[in-house]
Amino acid sequence: MAKIVTTKEVRRFITSSLRAAGGGAVQCEDLADILVAADTRGHYSHGLNRLEMYCDDYTRGTTDKDALPSTEKETIATALVNGNNCLGATVGKYCMNLAIKKCKEAGVGVVTAKGSNHYGIAGFYGLMAKEKGLIGISMTNTSPLQVPTRSRVATLGTNPLSVVAPAAGDDYYALDMATTTVALGKIEVARRKGEKLPAGWACDSQGIETREADVTLKGGNLFPLGGSEISGGYKGYGLALMVELFCGILAGATWGPHIRQWQAVDETKVADLGQFFMALDPSVFGDGFSSRLQLLMDHHRDLEPIAGVESVLVPGDPERTHEELCRDSGGIPYHDAFIRDMGILAEKMNVDPMKTLD
């Protein structure tokens, strides 16, 4: 059964937990923006589910609590940013704001970052560009959890990518996806709820498919998008390598199998993640971009659905539906297991637990 927590209370809990771990004010507020956005949009794998790991990064000293990102080199349309090992949310917001600024001047802005950390949902940064009437693209490499097609060994991360574009009015296209079949956080959510994994999500330490969350999280790994080779997993593997090209390689950051394992309890190595941000002004190309995109999306929404479902969706529709649910509910609905685990975290961090509305 779900319990409702106001977004204000969720923010309070996030920032107080991070400050208790030693986080600086700017970084804590930046991360709160992204974690609240993740849960509000229904991406529970990347919201409060991740909070304890960010706190642990501070307490272990693997993230610099006082650092801020800096620009190392730039042209009118490009920049290379050093995250200086600060929280990934702060790096991401800095980079996309810089990409937007350059886009306003040159029609396109491309920024890569090195020295970063986990930055939350990739779609958050595309939404920043969309709010300015621009197309926003973002990608990041992550700790190795993905087994390449035909391999038993994980060498790539979930390596998510996002593309967000403004349509007519308040509507928009918002692709936000991992290049694995699912993000690791969805395995963690399944474990919290005591649920079996769907087929095609994950494998054990020998590369054999498993439906057990605990097996996956204790030495197992994730399949590429598409699953096995025969079902097209090599395409997800190719996309993951593409993300690595734009992030770890292009930015001069750590790449692939050399990235630290974020969830390891004894990990002291810094992440040095690579990230990619692009803002693109559609007005410098063909006329009527937003109205034409609206026609494209509505054409697909109006298709006759298969039996058992209400409608055909386009990327971003499920998130908008969940945002409406949160508005109608007066807050974010959380599973009992999340409330329980956040209570344990509150005790660990010596902060007040989250208060629910019921």
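Just so you know, residue 1 is the first one in the sequence shown, and it goes up from there.
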Can you confirm whether Asp30 sits close enough to Gln27 that some side-chain heavy atom of one is under 4.5 Å from a side-chain heavy atom of the other?
no

In terms of heavy-atom contacts, Met278 and Val108 come closest through CG-CG2, 4.3 Å

Of the non-hydrogen atoms in Leu325 and Pro333, which two are nearest, and what is the gap between them?
CD2-CG, 4.1 Å

Under the 3.5 angstrom rule, does the side chain of Ser162 hit a backbone N or O of Leu175 as a donor-acceptor pair?
yes

Do Thr40 and Glu319 come within less than 4.5 Å of each other through their side chains, counting heavy atoms only?
no

How does the hydrophobic cluster around Leu303 look, that is, which other residues are in it when side-chain heavy atoms under 4.5 Å mark a link?
Val312

Taken in chain and number order and not counting sequence neighbours, the residues that satisfy salt bridge (Lys or Arg N to Asp or Glu O under 4.0 Å) with Asp272 are none

Got a salt bridge between Glu9 and Arg12, using NZ or NE/NH1/NH2 to carboxylate O under 4.0 Å?
yes

With rounding to the nearest 0.5 angstrom, report the OG to CG distance, Ser17 to Asp352.
10.0 Å

Check whether any side-chain heavy atom of Leu273 sits under 4.5 Å from a side-chain heavy atom of Tyr119, and report yes or no.
no

Verify, without hydrogens or angle tests, whether Thr181 (side chain) and Gly200 (backbone) share a donor-acceptor contact under 3.5 angstrom.
yes

Donor-acceptor pair, His118 side chain versus Gly120 backbone, under 3.5 Å?
yes

Is the number of heavy atoms from other residues, nucleotides or ligands within 6.0 Å of NZ (Lys93) greater than 12?
yes

Please walk me through it: do Leu293 and Asp171 pass side-chain contact (heavy atoms from CB on, under 4.5 Å)?
CA-CA 10 Å; Leu293 176 59; Asp171 207 356; over 6 Å; no

Hits for salt bridge (Lys or Arg N to Asp or Glu O under 4.0 Å) against Asp57, two or more places apart or cross-chain, chain-then-number order -> Arg260

Identify, with sequence neighbours excluded, every residue that meets salt bridge (Lys or Arg N to Asp or Glu O under 4.0 Å) alongside Asp39.
none

Rounded to the nearest 0.5 angstrom, the CD1-CE distance for Ile14 and Met354 is 8.5 Å

Could you check whether the rings of Phe246 and Phe276 sit parallel, tilted or perpendicular, using 30° and 60° as the cut-offs?
tilted

Taking all atoms of both residues into account, what is the closest heavy-atom pair of Gly136 and Ala129, and its distance?
CA-CB, 3.5 Å

Qualifying residues under side-chain contact (heavy atoms from CB on, under 4.5 Å), relative to Thr142, sequence neighbours excluded:
Thr140, Thr158, Asn159, Pro160

Between Phe223 and Cys203, does the side-chain contact (heavy atoms from CB on, under 4.5 Å) criterion hold? Intermediate values first, please.
CA-CA 7 Å; Phe223 279 133; Cys203 61; 3.7 Å; yes

Supply the atom-to-atom distance Lys132 NZ to Leu134 CG, rounded to the nearest 0.5 angstrom.
9.0 Å

Exceeds 12 heavy-atom contacts within 6.0 angstrom, atom CZ of Arg301
yes

Give the cluster check for Val36 versus Val189: same hydrophobic cluster or not, with ILVMFWY residues linked at side-chain heavy-atom distances below 4.5 Å.
yes

Would a hydrophobic clustering, with Ile, Leu, Val, Met, Phe, Trp and Tyr connected at side-chain separations under 4.5 Å, put Trp255 with Ile259?
no

Check whether any side-chain heavy atom of Tyr94 lies under 4.5 Å from a side-chain heavy atom of Thr71, and answer yes or no.
yes

Using modelled atom types only, decide if a donor and an acceptor are shared between the side chain of Thr75 and the backbone of Ala77 within a distance under 3.5 Å.
yes

When rounded to the nearest 0.5 Å, the distance separating CD of Glu244 from CD of Gln146 is 10.0 Å

Minimum heavy-atom separation for Asn49 to Tyr44, with atom names?
CB-O, 3.2 Å

Judged by atom type as modelled, is there a donor-acceptor pair below 3.5 Å linking the side chain of Gln206 to the main-chain atoms of Arg152?
no

Non-neighbouring partners of Lys101 that pass side-chain hydrogen bond (donor to acceptor under 3.5 Å, both in side chains), sequence neighbours left out:
Glu105

When rounded to the nearest 0.5 angstrom, what distance separates CG in Leu31 from CG in Leu51?
7.0 Å

Do any pairs count as a salt bridge (Lys or Arg N to Asp or Glu O under 4.0 Å) and have a residue in residues 215-236, sequence neighbours left out, and if so which ones?
Arg150-Glu229

Looking at side-chain heavy atoms only, is the closest gap between Thr63 and Tyr54 below 4.5 Å?
no

Can you name the closest pair of heavy atoms from Cys86 and Pro69 and give their distance?
SG-CD, 3.7 Å

Find out if a path of hydrophobic residues (ILVMFWY) with successive side-chain heavy-atom gaps under 4.5 Å connects Met96 to Leu80.
no

Taking His300 for the side chain and Leu296 for the main chain, is one N or O donor matched with an acceptor at less than 3.5 Å?
yes

Minimum side-chain heavy-atom gap Leu161-Met177 below 4.5 Å:
yes

CG (Asp170) with more than 12 external heavy atoms under 6.0 Å
no

With sequence neighbours excluded, tell me which residues meet side-chain hydrogen bond (donor to acceptor under 3.5 Å, both in side chains) with Thr15.
none

Those residues at least two apart in sequence (or on a different chain) that pass side-chain contact (heavy atoms from CB on, under 4.5 Å) with Asn85 are Asp64, Asn117, Val270

Taking CZ in Arg340 as the centre, count heavy atoms belonging to other residues, nucleotides or ligands within less than 6.0 Å. Is the count above 12?
yes

How many angstroms lie between CD in Glu323 and CZ in Arg41, if you round to the nearest 0.5 Å?
4.5 Å

Main chain of Tyr234, side chain of Thr149: is a donor-acceptor contact present, judged purely on distance under 3.5 Å?
yes

Name all residues meeting the side-chain hydrogen bond (donor to acceptor under 3.5 Å, both in side chains) criterion together with Lys102; count only those two or more places apart in sequence or in a different chain, and write none if there are none.
Glu74

Quick check against the 3.5 Å criterion: does Asn141 have a side-chain atom that pairs as donor or acceptor with the backbone of Gly274?
yes

Measure up the Tyr334 and Phe338 rings against each other and bin them: parallel (under 30°), tilted (30 to 60°), perpendicular (over 60°).
tilted

Could you state whether Leu345 and Leu18 fall into the same hydrophobic cluster, counting links through intermediate Ile, Leu, Val, Met, Phe, Trp or Tyr residues with side-chain heavy atoms under 4.5 angstrom apart?
yes

Set of residues satisfying salt bridge (Lys or Arg N to Asp or Glu O under 4.0 Å) with respect to Lys65, sequence neighbours excluded
none

Counting only N and O atoms by type, is there a donor-acceptor contact under 3.5 Å from the side chain of Thr321 to the main-chain atoms of Asp317?
yes

Contact between Lys3 and Asp336 at the side-chain level, heavy atoms closer than 4.5 Å - yes or no?
yes

Search all heavy atoms of Ala99 against all heavy atoms of Phe277 and return the closest pair with its distance.
CB-O, 4.3 Å

Ser290 (side chain) donor-acceptor with Pro166 (main chain) under 3.5 angstrom
yes

Any side-chain heavy-atom pair from Glu72 and Lys114 closer than 4.5 angstrom?
yes

According to a hydrophobic-cluster definition based on side-chain heavy atoms being under 4.5 Å apart (Ile, Leu, Val, Met, Phe, Trp, Tyr only), do Leu35 and Leu127 belong together?
no

Heavy-atom count around Trp201 CH2 within 6.0 Å, excluding the residue itself: above 12?
yes

Can you list everything that forms a side-chain hydrogen bond (donor to acceptor under 3.5 Å, both in side chains) with Ser291? Sequence neighbours excluded, please.
none

